[in-house]
Amino acid sequence: MIWVDTIVQGVLLGGLYALFAAGLSLVFGVMRLVNLAHGDLIVLGAFLILVIVSALGLNPFLAALVALPVMFCLGWGLQFVVLNRTLGDDILPPLLVTFGLSIVIQNALLEGFSADSRRISVGGLEAASVSLGPIAVGVMPLLTFLSAVAVIIALNALFYRTALGRAFRATSDDPVTAGLMGVDPKRLFATATGIAMIVVTIAALYLGTRSNFDPTIGPARLIYAFEAVIIGGLGSFWGTLAGGVIIGVAQTMGAAINPEWQILSGHVAFLLVLLFRPRGLFPRAND
Amino acid sequence: MTALLETKGLTARYGDFQALFGVDLRLDAGETVAIIGANGAGKTTLMRSIAGVLANGPGEVLFDGQPIGALPAAQVMARGIAMVPEGRKLFPSLSVEENLLMGAYGRKVEGPWRLDTVYDLFPVLKERRNNPGTALSGGQQQMVAIGRALMSNPRVLLCDEISLGLAPVVIRDIYAAFPQIRAAGASIVIVEQDIGQALKVADRVSCMMEGRVTLTGRPAELSREDIHAAYFGVHA
Amino acid sequence: QGAAVKIGYVSPQTGPLAAFAEADSFIIDGFKAAAQAAGLNVEVIVKDSQSNPNRAAQVANELIVQDGISLMLVASTPETTNPVTTTCEAEEIPCISTVAPWQPWFIGQQANPGDPSSWRPFDSSFHFFWGLEDVIAVFTNMWAQVETNKQVGGLFPNDGDGNAWGDANVGFPPVLSEQGYTLTDPGRYQNLTDDFSSQINAFKQANAEIITGVMIPPDFTTFWNQARQQGFAPKVASIGKAILFPQAVEALGNAGHNLSSEVWWTPSHPFKSSLTGQSAADLAGGFTQATGRPWTQPIGFVHALFEVAADVIKRASDPTDSAAMVEAIAATKLDTIVGPLSWGDGPLPPFAQKNVAKTPLVGGQWRLKDGGGYDLVITDNKTAPMIPVGGQMEAIA
Amino acid sequence: MSAPASSAWRVETRTRAATGFSVFAVLLVAIAFAAPFFVSRSLLQDLFLILTMLVLAQNWNLLAGYAGLVSVGQQAFVGFGAYAMFACVSLGGLDPILAVLIAGVAAAMLSVATGFFVFRLQGAYFAIGTWVVAEVVRLVLAQWRALGGGTGTSLPNAAIRDMAAVQWIAEAFSVRSAQAADILTYWLALILCCATIGFIYWLLRTRQGLGLSAVRDNQEAARSVGVDARRIKWAVYVSVAFVTGMAGALIYVQKARISPDAAFSVVDWTAYVIFIVVIGGIGTLEGPIIGVIVFFLLQKTLADYGSWYLLVLGLIGIAIMLFAPRGLWGLFSDRTGIQFFPVRRILKGGPSTDHQGTRGGPHG
Amino acid sequence: MQPVLDISAVNKRFGALTVADAVTFSLAPGEALGIIGPNGAGKSTLFNLITGNLQVDGGRIVFDGTDVTNAPPMQRCLMGIGRTFQIPQPFVKLTVFENLLVAGTFGSRKLEAEVAARCGDILIQTGLIGRANVPAGQLSLLERKRLELARALATNPKVLLLDEIAGGLTEGECAALVGTIRDIHASGISIIWIEHVLHALNSVVERLLVLDFGKVIGMGRPNDIMASKAVREIYLGLDV
Ligand SMILES: Nc1ncnc2c1ncn2[C@@H]1O[C@H](COP(=O)(O)OP(=O)(O)OP(=O)(O)O)[C@@H](O)[C@H]1O
Ligand SMILES: Nc1ncnc2c1ncn2[C@@H]1O[C@H](COP(=O)(O)OP(=O)(O)OP(=O)(O)O)[C@@H](O)[C@H]1O
Ligand SMILES: NC(=[NH2+])NCCC[C@H](N)C(=O)O
Ligand SMILES: [Mg+2]
Ligand SMILES: [Mg+2]
């Protein structure tokens, strides 16, 4: 029974990681941009939601809704003004600029909000649980997982059912030829980052309600998000979800043996997957 | 009468390397112009400069009398200049149909070319509509590339080496579509190494060598020797 | 009078540990004013460790080598105190540290922490705070007030505090078994863990009614939420570090009610500052007035650190001479705002006698106030009867 | 196109600026060795910091700038080297100086083990792979109870005092042993730094270095002319790990206290190092030298402004990357054509003497 | 005599596209073979298979009596296969001379000092001596093509694979190039040359191989091949 519970909890945890990773996957998939500031952007989102909650007295879910357009614009501008300049064959410029950005965001938040531990409260929902047979599952982790699935479904629909998604894929294949089709790659990339920031906002909501956060907490989970994206394979959203779940389950299984191995097992699972599938589980055919 | 599309003294460079030296080209409405020239003469460079993919140096590109030389590719395309790029350049992640739909992404105007009329033009594509574009034969890929460009109902169609790497039968099939494309109202610039093919479809021919136009004329007026000289830089 | 005596002070003013240092400038301003009034010619050079142990060692070195300080003061968690103390030891500069239980401070700086026979006292470093024996006593005293099955679940991370609290020799395990408690300790987890279901399962299986440990705030929140979601409801939860600061408890919403913790200092501690004569309540009130923020426990200790500094400088034959300063520190007998302090005579094992001075410790519970927010109520004072209790221990509803 | 005529060909690498610089460099190194005689201790410690960061930066630059292996996991070797040194000294009772050497070997061995894994990955995957590997090494070492686990541990004071030559230096300079240890570690750092720069410069001037430049420019073509790209990259990866491990060990001899979070800090040992290289100019030997000086000055002037310091540092890094991607040295060298470490082989002599001279940037 | 290069039943596909279809031929020591065929026929791909830049899907490649089907490119280079790339691939940040030095030292496992003079001679032979100390990134296309040839020569090959090195040359340049290639051939190096400029090709090679859709559709003496109907139709298209 404990093993079942361990796996279920791991899957739910994987949902959280997939949520952290989905925005990264989008940005990585469309423009090969390795965004080291992703974790900090999630924290930024959490602070934004917190500010909205305390300023307008809104329910956190509504506050996240209010934050969405703000974060979209922020992402759009960031990509258009700064990150577009770093794209190219060389992987260093994006690594460096986003790392710089990560430091800037962290320290700006420290200046603005101090190092205090914060929390977005969702009241009774925090402790609520539903029982699935003999296993008690928290409502918030379940919501997190379901949101992750919803985000993945939505991103897939966007990618495979809309003209915009087509343009994303085409531009990702070949920005120059996409230009001949009337795509302005710079704006398109900005839109992609804007959408990624919408996902970031959703991730921020769950980060902020699950546990405490402070301005420096972002990078700690970034590595799991990257692992999820890479395990899944570049450009596969379902793969990203699978990657998140693999890491989540590896962590809880490792912890069940001994909590010392919890985080290590997640990393080891990642290394093992890559040892056998260096391009991830569901790589795109052409890369 | 102003030309539909005109370049005046167009230059272009790749870094330190100058690829075009003051190219003048003119395309009137309804006309088909062929550009011929050896490998590396600068034909593709000229197409790319017009389409806005390549930032061009001094010199002008006029479309309907308006300067478009400084516009990015997306805006050139939105005004009605579509290109079939050298090497077809299909999007490997997209199916045939999605590739075609991409063609209308930046310019959605009513016109003769829609998904169904493109399928009528190249019926074989309809059968393969859900295949990845890159799983087709070279000739079929070329059809997708042409169809994709047509989807925006362009006023000018730039075709770069559409016969490249294709068997003669396939080339014949593809060129068989040209009368229909012209009839539907597009003016065409084709780049072609196959001189015979070029002379057959074109109203006028320009020959390029080392970044310059060395000869222009109507096919009937041009002698073998002239062409040969312009093409290879020497008299045969 | 000659040149000013230079005091170096290192604390984590930015980064994740910054809450420990939030009162620094308030206290140092107070100290400077008081020192001047007392005719002391001192200069305080403040450095920020950025919550980073590498940086802490580096700034300590700068203080010693560049600024030529005569006395090092350092506060707040082993991550700050240990690198600074190690540096001072090597440089033979007198160093006084606080706000870290003495074991992680002392044992954490031994070359082989696993081998007690190899432990050596320090030459020039001195520490004042309580120790694990105190917090264990306080916790078990509190637990004794509530009817339980004596099954305890332990949550000890793999960090300076966690390794010390969970240590099989000096930590909780031996004392708990002595007192008839059964400890379930699943193992050292890494900080910033996102899932505690393995611990919760282990505690459920052991039917634990008491939870204890020393956690960082985000981890405790994660644990506590997950425990409630999975239907694990202990009667008592006594946690170090995580619920130290009122903001952290408030971040738990209503779920912080009746969580218990060790209490090192409150405004109701019956002590006065040897420097300013202020009572604990005055000091806390002054801080709230100056900054608009609620009082926190480190305030008293940082203040006491400067009290000792002033006292030592007054007494030292030559405050710029290391040996003289070390001698003066070792001879300290001072009633500070955190209680009486003296080195060399505490209830400590022989190896720590010289370098450690202990301060009183009591236990308390966070209680929800009617209008929102929390009060810290002292519920056990058996270990320090001079500190008044404010109520009885209550089981978590 | 005339017929081949073997005649007196000559190949030169020297430039006038470089000849001038080499005289200056020899002088500088001599002065640097003598520094303990006349500079203050705090300056000496600053110099130690600069030298060790420079070693790390030159190594990362060799890896990323010359071999195209962008690693964000160099902290694995810093930390592993440091832990190996601690183990040798605290548990094995060895002299710290010997332990530093052993630490280098240990780090090289670690790199062989991890190389099998990370060399399966390319580009951004490689970068993230190295980061994960470093995390794994950190988490594993955090379980090593004898060295304090997650708590960390300190070097016994006696170990430093009894270090070879410390007593001797203490007497010669009549200083306390802590200061003597500083002098010794400074000299070691200076030797390590000179050896690193010398090694890299030597490497670049050998045919392996030429092969490395070729691989970086065009791997396919390099393979086609007989360059074993894989072997060269492996060799670079392992030797970088060796030196990085030694630097890590040396840094921690001086710090005397270690904990997993500090020793495996991605920010301290990789991110700052990358900043240094990029600010100075990647793919040049001069760049990291400029970079480390700029970095150090920034740190000195801004460190007391808390979060603002890091904020400004981040902004400067972003600005340099966006507006001067070849770094400060690149800006300078592009304008003046000056190089202090020329590696370009210039062909002289031969039957026709009218060769065009050369100017322009270095290989990078 | 044992062939220096023996290709048997080599296959290669890119997805649905077959670019080498049971290609079989061999090259005698000292022979010069020309390969022609329409664009995209798979000529360059064939070179990539011979040099190991691409892996075959099936078939065998034997060089100098050794099976090299699975050998990495650098090993084949060491054994004596030198090549030029159709799209020149210079080491752009190295000078022209250094480009040759890389090839000379690695391609024949020698020290720089030993190969420097030979590199100098090759620079003279290929007319690049005036640009010896210029970064290769600054060369014009024609110079890049010459560099390809020079660099391949510097590896001291037994077999030289030339991919469209005469495209875009003027008559005079073309004649000079043909002269150079003849000299190289005369020095005993076997040559396989892909070229669209037929008169240049035919003045050097002894045998022509025609490739179409990855298939060998003709092989023989140049005059016979040029006269064959299949070639006229497929390669020259409709006659001009
Ligand atoms: N991206 C580039 N960078 C540098 N030089 C280039 C680039 N693209 C083309 N060139 C050069 O510009 C010149 C003109 O090339 P272009 O592609 O326009 O020729 P083309 O006439 O289309 O030849 P082909 O018949 O082979 O397609 C050539 O010398 C070519 O090498
Ligand atoms: N790496 C690759 N992946 C997929 N397809 C490829 C690849 N390389 C070549 N091709 C395709 O294989 C076919 C043959 O290409 P190849 O370059 O061998 O032709 P070629 O005969 O040399 O033509 P040209 O005369 O134009 O140089 C072309 O259709 C090309 O697009
Ligand atoms: N850039 C992206 N993430 N693209 C999404 C494509 C993912 C798609 N589900 C696949 O399996 O291929
Ligand atoms: Mg072209
Ligand atoms: Mg080819």
Side-chain angles (χ1 to χ4, degrees), chain A residues 1-3 5-6 8-10 12-13 16-17 106-107 110-111 114-124 126-131 135-142 207 209-217 220-221 224 248 251-264 266, chain C residues 12-22 50-52 155-158 185-202 204-205 216-233 242 244-255 293:
Chain A
M1 204 69 279
I2 286 192
W3 285 106
D5 183 64
T6 300
V8 169
Q9 300 297 340
L12 296 182
L13 178 62
L16 181 72
Y17 291 158
Q106 270 179 45
N107 288 284
L110 270 176
E111 279 302 316
S114 84
D116 287 353
S117 219
R118 310 295 179 115
R119 180 91 191 289
I120 302 168
S121 173
V122 286
E126 270 160 26
S129 67
V130 291
S131 34
I135 298 164
V137 169
V139 168
M140 282 307 288
L142 197 62
L207 174 86
T209 53
R210 183 183 179 91
S211 179
N212 301 22
F213 58 94
D214 62 58
T216 56
I217 213 166
R221 273 90 178 190
Y224 308 138
Q251 283 197 4
T252 53
M253 300 272 272
I257 297 162
N258 186 331
E260 285 179 8
W261 306 115
Q262 180 158 5
I263 291 179
L264 202 53
Chain C
Q13 286 137 39
T14 55
L17 301 173
F20 282 93
E22 71 169 348
Q50 296 168 359
S51 302
N52 173 340
L155 288 158
F156 306 115
N158 184 13
D185 175 6
R188 306 285 157 273
Y189 64 91
Q190 288 291 325
N191 280 331
L192 288 180
T193 287
D194 289 314
D195 181 90
F196 285 92
S197 52
S198 72
Q199 284 93 337
I200 292 169
N201 276 326
K204 271 184 179 172
Q205 266 201 327
I216 58 170
D219 284 352
F220 179 69
T221 307
T222 309
F223 166 76
W224 198 233
N225 278 333
Q226 258 191 325
R228 293 192 299 157
Q229 287 161 2
Q230 293 173 25
F232 174 60
L244 179 59
F245 297 105
Q247 301 92 320
V249 183
E250 269 153 29
L252 287 166
N254 291 347
R293 297 183 55 95

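In what follows, every chain begins at residue 1, and chains take the letters A, B, ... in the order their sequences are listed. What you see below is based on every heavy atom in this structure, not just the backbone, and it leaves out hydrogens, waters and symmetry mates. Just so you know, these numbers come straight off a predicted model, no measurement behind them.
- The parts of A:Ala255 that come within reach of chain C are both its backbone and its side chain, each placing non-hydrogen atoms under 4.5 angstrom from that chain.
- Among the candidates A:Ile257, A:Leu12, A:Leu13, the residue making the largest number of heavy-atom pairs closer than 4.5 Å to chain C is A:Leu13.
- Of the two parts of A:Glu260, the backbone and the side chain both hold a non-hydrogen atom closer than 4.5 Å to a non-hydrogen atom of chain C.
- The contact between C:Gln199 and chain A is made entirely by side chain atoms (from C-beta outward), counting heavy-atom distances below 4.5 Å.
- Only one option out of A:Asp5, A:Val137, A:Ile135 pairs with C:Gln230 in a side-chain contact (heavy atoms from CB on, under 4.5 Å); it is A:Asp5.
- Contact tally against chain C (heavy-atom pairs below 4.5 Å) for A:Pro141, A:Pro215, A:Ala220, A:Ser121: the top residue is A:Pro141.
- The most heavy-atom pairs under 4.5 Å with chain A, out of C:Asn254, C:Thr222, C:Leu17, come from C:Thr222.
- Of all heavy-atom pairs between A:Ser211 and C:Pro218, the closest is OG-O, 2.7 Å.
- The candidate with the highest count of non-hydrogen atom pairs below 4.5 Å against chain A, out of C:Gln205, C:Arg188, C:Gln226, is C:Arg188.
- Contact check for C:Asp195 versus A:Gln9: side-chain heavy atoms found under the 4.5 Å cut-off.
- A donor-acceptor distance shorter than 3.5 angstrom exists from the side chain of C:Gln229 to the backbone of A:Glu126, with no hydrogens or angles considered.
- To the nearest 0.5 Å, atom CD of residue A:Gln251 and atom OG of residue C:Ser197 are 10.0 Å apart.
- Between C:Asp194 and A:Tyr17, the side chains place a donor N or O and an acceptor N or O closer than 3.5 Å (distance only, hydrogens not considered).
- Of all non-hydrogen atoms in A:Asn212 and C:Ala251, the two that sit nearest each other are ND2-CB, 4.2 Å.
- Between A:Asn258 and C:Pro186, the shortest heavy-atom distance links the atoms OD1-O, 3.6 Å.
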The test is side chain to side chain contact (heavy atoms under 4.5 Å, CB included); show your working for C:Asn225 and A:Met140 and say whether it passes.
CA-CA 9 Å; C:Asn225 278 333; A:Met140 282 307 288; over 6 Å; no
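- The two residues C:Leu252 and A:Arg119 make their nearest non-hydrogen contact at CA-NH1, 3.8 Å.
- Looking at A:Ile217, the atoms closer than 4.5 Å to chain C (heavy atoms on both sides) all sit in the side chain, from C-beta outward.
- Separating the CD atom in C:Gln190 from the CH2 atom in A:Trp261 is a distance of 10.5 Å, to the nearest 0.5 Å.
- Contact detail for C:Thr193 and A:Ile263: the closest heavy-atom pair is OG1-CD1, 3.9 Å.
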